[in-house]
Protein chains: 2
Amino acid sequence: MGKNQNIRIKDIARMAGVSVGTVDRVIHDRGNVSSESERKVKAILKKTNYSPNPIAQSLGAKKEYQISVMLPNPEQDEYWELSNKGVLQAQREWKSYNIDININNFDLERSESFSENIQKLLETKPHAVLTAPIFFDESITFFEKLDEVDIPYILVNTELNPQIKKYNPLCIIGQNHHQSGRVAAELIHISLHEPGQLAVMHIHENVENSIHLKEKEEGFRNYFAEFGNDDFEISTFSFLDEKRSFEEQIGECIAQQDLKGIFVPTSSGTYLTARALGKHHKQQTKLVGYDLLEENIHFLKAGTIDFLINQDPRHQALQGLRYLVNHLLLKIPPPTDDLLPLDIITRQNYTSFLNNHS
Amino acid sequence: MGKNQNIRIKDIARMAGVSVGTVDRVIHDRGNVSSESERKVKAILKKTNYSPNPIAQSLGAKKEYQISVMLPNPEQDEYWELSNKGVLQAQREWKSYNIDININNFDLERSESFSENIQKLLETKPHAVLTAPIFFDESITFFEKLDEVDIPYILVNTELNPQIKKYNPLCIIGQNHHQSGRVAAELIHISLHEPGQLAVMHIHENVENSIHLKEKEEGFRNYFAEFGNDDFEISTFSFLDEKRSFEEQIGECIAQQDLKGIFVPTSSGTYLTARALGKHHKQQTKLVGYDLLEENIHFLKAGTIDFLINQDPRHQALQGLRYLVNHLLLKIPPPTDDLLPLDIITRQNYTSFLNNHS
DNA sequence: CTGAAAGCGCTAACAG
DNA sequence: CTGTTAGCGCTTTCAG
């Protein structure tokens, strides 16, 4: 048990017969130390199992840190509004620590907007970055540049995948999408009392996002495939931005098919589907979607939505920023990835998720 | 946006025309300040929206804090072992902050053990206490004494109820038990495809604990009562410590009844029931219980247990200690109570809850 | 290459 | 009642 609470830099300086300045130099590899001194200091360091007092460390280093957040415009999508709430909370949380979190928003509909913003962001030379790789190709350019100038970055809403492995994010925060799809399947399976048609609805999604969505769908199908029977037949429907409103398109689809269960792998798609089910009086169709958006909660309460899987974007952002701060301020390394729990939300437990948990 | 990053105590001293000492005194209500000075300082404090730099604060206050934890012996029950893990994590987390968390364990089976321990604990005069009111009557004595000597305390595994309102815990951490019972009912209801007998099993519980359990049962029954039909009839069974093992008793009960669904409101009761169901080949009976104990997970995977509701004892302890530390170190007041989310655990999502989340 | 010394913002002991 | 001052442990000049 390290009683090393009490060894100070001063102590090890004395033990090594040098000054605190020298000790600090070897600790931080700042050079300008004779190999002799270095050897001695390092020996004592090892022997005493010294670990610096992070509090004093960050007080002493009166440095200001800039963290840049690059996320979609919260006004375009309630999911990102929740995410933004996490950022705002982090801003408050670290206000007095000389951490400046500045927010850059890009347009969810225009990938160019993302590219434009990374230019501006990089010019400000932040000490760390939090982002979500919505537009994957553009994000890759971003990663390359960040890696190049050695700015640490953390990704939210992401899962470790082979493409990302080529780059060096400090940490990746998200959920296991495949497993998430399996949870959705399980929930439909549990609540469905008779065989029938199922559907996966892809609504309004930039193709770039499709990595997640495909994985969710795969998990969903995979779950049912394991049973090897054909009680359930699964179709996939994709609705793209057209002249006709999504609601109209979805409504038509729902009217034509006799669906027993629907899985919508996106948060905003969820309430769009619920609306359509409502309009066509098909509320009894089992519907599983994502996230505690206002309208999703409404339809959950009403019974149109049966389950929501919570991706907790607010927590993801907050957690990402905490990792970044700990990294900058206290040199505490975050995990390489953080897979959040797959919360199942129902009519009976949703309120317990609505309190602002830290 | 507060550019108050940079207002130091020194600044507000200058602005108020007093010394830093005085400012510090009014900030911490240490008295010995003329009402005139106090007024001025408070005005500036308000105007500048001053908030102290917690880092400097904890460096400056070279005070050592003692926090005493009083929880059941973790070796007696895996639930409390999880709880203990939270305590250990907190110990690590605040190691370098001069916070000394010492653990007192009492015997779950002997209420006298609790009483004995509170004596010893009080003699050490800790700065704060974390406990769980397992033995309610004995706990009340404890609360009274803590209130008397003004030691702040936080309760875990508890819900705000009229009896506790007479005392002054700093915060109460737990779940809404009534709602928890309703979640259990909902889960059974969703997964049950035909009417039938249901049961609530009370296993091996000290009567003192029964407040929670009664509330869970009430929520459970209440859910079904709202439907007003009699598709489901609910019986209550209680198993007390006797010559015969619980397993035997439960087994007998299960064999005699034709139960479609069972709700067990305790974590250890859950696997005991699952064992009995296994032995009597009644795995198809829907079983809802509590918590990610090793054996519960085993039976969940095997399909004997259908759902677990996660009470996250580890998180409760950790959170309670964080509140305490923030209270002591930074004077940040915790909420008066913190109701945690009612996590639903299934075969498909349990792994996502097993990672050690902070 | 090295040591001395001045802070970082706050707390607390000590004269007055 | 009030101001002054010496730290907390570490970083970072700045002479030498």
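Here is how names work: the chains are called A, B, and so on, in the same order as the sequence lines, proteins then strands, and each is numbered from 1.
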Query raised in the report: Taking for each residue the nucleotide of DNA chain C bearing the nearest heavy atom, is the 5' side occupied by B/Gly21 or by B/Gly60?
Result: B/Gly60

Query - Upstream residue (5' side of DNA chain C) when A/Glu36 and A/Ala56 are each assigned their closest nucleotide - result: A/Glu36

Find the distance [X]:[atom1] to [N]:[atom2] and express it as a whole number of Å.
X       : N      : atom1 : atom2 : result
A/Arg39 : C/dC1  : CZ    : P     : 16 Å
B/Arg14 : D/dG3  : CZ    : P     : 15 Å
B/Ile27 : C/dA12 : CD1   : P     : 12 Å
A/His28 : D/dT11 : NE2   : C1'   : 8 Å
A/Ile12 : C/dG3  : CD1   : P     : 12 Å
B/Asp24 : C/dG9  : CG    : P     : 15 Å
B/Tyr65 : D/dC8  : OH    : C1'   : 14 Å
A/Asp29 : D/dT11 : CG    : P     : 13 Å

Query raised in the report: Considering residues, nucleotides and ligands other than B/Glu144, do more than 12 of their heavy atoms fall under 6.0 Å from its CD?
Result: yes

Nearest listed nucleotide, side chain of [X], among [options]:
X       : options                : value
A/Thr22 : C/dT2, C/dC10, C/dT11  : C/dT2
A/Arg8  : D/dG9, D/dT11, C/dC1   : D/dG9
A/Leu59 : C/dG9, C/dC10, D/dG3   : C/dG9
B/Asn32 : D/dG3, C/dG9, D/dC1    : D/dC1
B/Asn53 : C/dT11, C/dC10, D/dC10 : C/dC10

OP1 or OP2 of [N] under 4.0 Å from side-chain N/O of [X]:
X       : N      : answer
B/Tyr50 : C/dC10 : yes
A/Gln57 : D/dG9  : no
A/Ser34 : C/dT2  : yes

Query raised in the report: Do A/Tyr167 and A/Leu155 have side-chain heavy atoms sitting under 4.5 Å apart?
Result: no

Query raised in the report: Rounded to the nearest 0.5 Å, how far apart are CD1 of B/Ile172 and CG of B/Leu160?
Result: 4.5 Å

Query raised in the report: Contact class for A/Ser37 (heavy atom, under 4.0 Å): base, sugar-phosphate, or nothing?
Result: sugar-phosphate

Query raised in the report: NA contact type, B/Val20, heavy-atom cut-off 4.0 Å: base, sugar-phosphate, or nothing?
Result: base

Report task. Indicate yes or no: does B/Glu36 engage B/Arg39 in a salt bridge with an N to O separation below 4.0 Å. Result -> yes

Query raised in the report: When the nearest nucleotide of DNA chain D is assigned to B/Ser19 and to A/Arg25 on a heavy-atom basis, which residue is associated with the more 5' position?
Result: B/Ser19

Query raised in the report: Do the rings of A/Tyr153 and A/Phe143 sit parallel, tilted or perpendicular, given the 30° and 60° boundaries?
Result: parallel

Query raised in the report: Within the side chain of A/His127, is there an N or O that forms a donor-acceptor pair under 3.5 Å with the backbone of A/Gln66?
Result: yes

